[in-house]
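Here is the structure we will look at.
Note that these values count all heavy atoms, side chains included, but never hydrogens, waters or copies made by symmetry. Just so you know, these numbers come straight off a predicted model, no measurement behind them.
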Amino acid sequence: MSEGQVPNFIDNLKFFFSWQSYVMYVRYFMWNFAGRINDMDGQEHLISPLSFKGYVDGDWTTGIFDGAKQLPKSVTNNLTYTPLFALPLILGLIGMWYHFKQKQRDALVITLLWFFTGLAIVLYVNQPSVQPRERDYSYVSSFYAFAIWIGLGVIAIADFLRKK
């Protein structure tokens with residue numbers, strides 16, 4: 001926004017979804033369960049998931065389509081390049097589906113734990129843009145809740161294979 005311009009409701013929503021939700025939660029979540037390009041923060045370059053055009057320091061990656069993003073060899077050969085191929089994310093989504101299928105009330109408790117220790121903290125803290133350091137430690141409990149679903153995803157796959 002230009003100097004002296006007053007934000008309206010739409011501007012506030014754009015900031016909430018692009019910075020507070022995406023950069024300050026979804027990006028951290030995806031670092032843990034999809035993969036990470038490098039250990040740089042890249043906060044100044046990340047605006048929203050819709051404006052992503054290839055390689056950006058500090059963004060998440062699955063490692064699956066990195067050839068299409070034209071990532072430089074300095075990134076893909078770096079020790080901090082950690083693609084997880086979204087395997088933890090897929091296992092967690094399978095586990096979430098399995099949990100809701102088996103025990104809806106228990107799954108609702110884990111969903112509330114995940115929400116209140118993740119996105120609700122984003123709402124509560126209301127962080128301004130460009131932080132002096134990464135704040136992913138604020139959401140560790142949310143990541144633990146998702147890790148429960150990863151474990152249940154392994155059980156779901158084992159259960160499926162046992163039946164087949």
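Summarising the geometry of P88 relative to L84, their closest heavy-atom pair is CD-O, 3.9 Å, with the distance given to 0.1 Å. Nearest heavy-atom pair across Y81 and V75 is CB-O, 3.1 Å. For the pair A156 and I94, the tightest heavy-atom approach, listed with the atom from each and the gap, is CB-CG2, 3.9 Å. In plain terms, the two heavy atoms of I110 and A145 that are nearest each other are CG2-O, 3.7 Å.
Between atom CG of residue N12 and atom CD of residue Q20 there is a gap of 9.0 Å, rounded to the nearest 0.5 Å. Distance check, rounded to the nearest 0.5 Å: CD1 of I121 to CD of Q127 gives 10.0 Å. To the nearest 0.5 angstrom, N38 atom CG is 11.5 Å from T76 atom OG1. In this structure, F115 CZ and S142 OG are separated by 10.0 Å, a value rounded to the nearest 0.5 Å. For the atom pair CG (D39) and OG1 (T82), the distance works out to 9.0 Å, reported to the nearest 0.5 Å.
Hydrophobic clustering of Ile, Leu, Val, Met, Phe, Trp and Tyr side chains at less than 4.5 Å, counting indirect connections, unites V154 with L93. The cluster map of Ile, Leu, Val, Met, Phe, Trp and Tyr, joined by side-chain heavy atoms under 4.5 Å apart, puts F100 and I148 in the same cluster. Taken together through direct or relayed side-chain contacts under 4.5 Å among Ile, Leu, Val, Met, Phe, Trp and Tyr, F15 and V122 form part of one hydrophobic cluster. Cluster membership for Y28 and L123, using ILVMFWY side-chain heavy atoms within less than 4.5 angstrom, is shared. Note: the hydrophobic cluster containing F143 also contains I90 (ILVMFWY, side chain heavy atoms under 4.5 Å, direct or indirect links).
Side-chain atoms of F16 and N126, non-hydrogen and from C-beta on, never get closer than 4.5 Å to each other. At a threshold of 4.5 Å between non-hydrogen side-chain atoms, the residues T80 and R36 do not count as touching. Within the 4.5 Å cutoff, the side chain of D159 has heavy atoms near those of the Y98 side chain. Contact check for W114 versus M96: no side-chain heavy atoms found under the 4.5 Å cut-off. With a 4.5 Å cut-off on side-chain heavy atoms, D106 and V109 do not count as touching. Within the 4.5 Å cutoff, no side-chain heavy atoms of N32 are placed close to those of F146. Looking at L91 and I157, their side chains come closer than 4.5 Å, going by heavy atoms from C-beta outward.
In Y144, the OH atom is not crowded: 12 or fewer heavy atoms of neighbouring residues, nucleotides or ligands sit closer than 6.0 Å. Residue-environment remark: OH (Y137) exceeds the threshold of 12 foreign heavy atoms within 6.0 Å. Applying the 6.0 Å contact sphere to CG of L79 captures no more than 12 heavy atoms from other residues, nucleotides or ligands. Heavy-atom contacts from other residues, nucleotides or ligands closer than 6.0 Å to CZ of F160 number 12 or fewer.
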Open item on the list: Assess the residue pair F17 and L13 against the criterion (side chain to side chain contact (heavy atoms under 4.5 Å, CB included)); give the C-alpha distance rounded to whole Å, side-chain angles, the decisive distance to 0.1 Å, and a yes or no.
Closed with: CA-CA 6 Å; F17 287 111; L13 282 178; 4.1 Å; yes
TODO: Dump the intermediate steps for side chain to side chain contact (heavy atoms under 4.5 Å, CB included) on L108 and Q104, then the final yes or no.
DONE: CA-CA 6 Å; L108 181 61; Q104 247 180 346; over 6 Å; no
Open item on the list: With ring-ring contact (aromatic ring centres under 6.0 Å, His included) as the criterion, how do Y139 and F29 come out once you've worked through the C-alpha distance, each side chain's angles and the decisive distance to 0.1 Å?
Closed with: CA-CA 8 Å; Y139 312 113; F29 183 84; over 10 Å; no
TODO: Give the intermediate values and the outcome of side chain to side chain contact (heavy atoms under 4.5 Å, CB included) for residues F33 and W60.
DONE: CA-CA 9 Å; F33 302 111; W60 62 272; over 6 Å; no
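Under 3.5 Å, the side chains of Y25 and R27 contain no donor-acceptor pair of N or O atoms.
With W31 contributing its side chain and G58 its backbone, the two residues share a donor-acceptor pair below 3.5 Å.
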